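Numbering starts at 1 and runs along the sequence shown. Predicted model, so just to flag it, every value in this text is computed and none were measured.
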Amino acid sequence: MINNPVLDQSLVTSIQRQKICEVVGETYSDENWQDWRWQMRHRLTKLEHFQK
């Protein structure tokens, strides 16, 4: 198996985004993630978000 750092980074990024969405109570969607309006509505604003 060939190790592909670009693919690995893409997977890591996706996992990180999923974790952030879980903190704010949302399901990860690439379409939503790319929408700045969705980003503003679901930004981390509470101390408990950062503690998680």
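- Of all heavy-atom pairs spanning D35 and R37, the tightest one is OD1-N, 3.0 Å.
- Every pair tested for ring pair (Phe, Tyr, Trp, His ring centres under 6.0 Å) that includes a residue from residues 10-36 fails, sequence neighbours excluded, so the list is empty.
- The hydrophobic cluster around L47 extends to none of the other residues, as no ILVMFWY side-chain heavy atom falls under 4.5 Å of it.
- Residue pairs satisfying the salt bridge (charged side-chain N to carboxylate O under 4.0 Å, His left out) criterion with at least one member in residues 38-47, sequence neighbours excluded, are absent.
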Between side-chain atoms of residues 13-27 and protein atoms elsewhere (two or more places apart, or another chain), which donor-acceptor pairs fall under 3.5 Å?
residue	atom	partner	partner atom	Å
T13	OG1	Q9	O	2.9
T13	OG1	Q9	NE2	3.3
E26	OE2	H42	NE2	3.3

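- Shown here is E48, whose CD atom has more than 12 heavy atoms of other residues, nucleotides or ligands within 6.0 Å.
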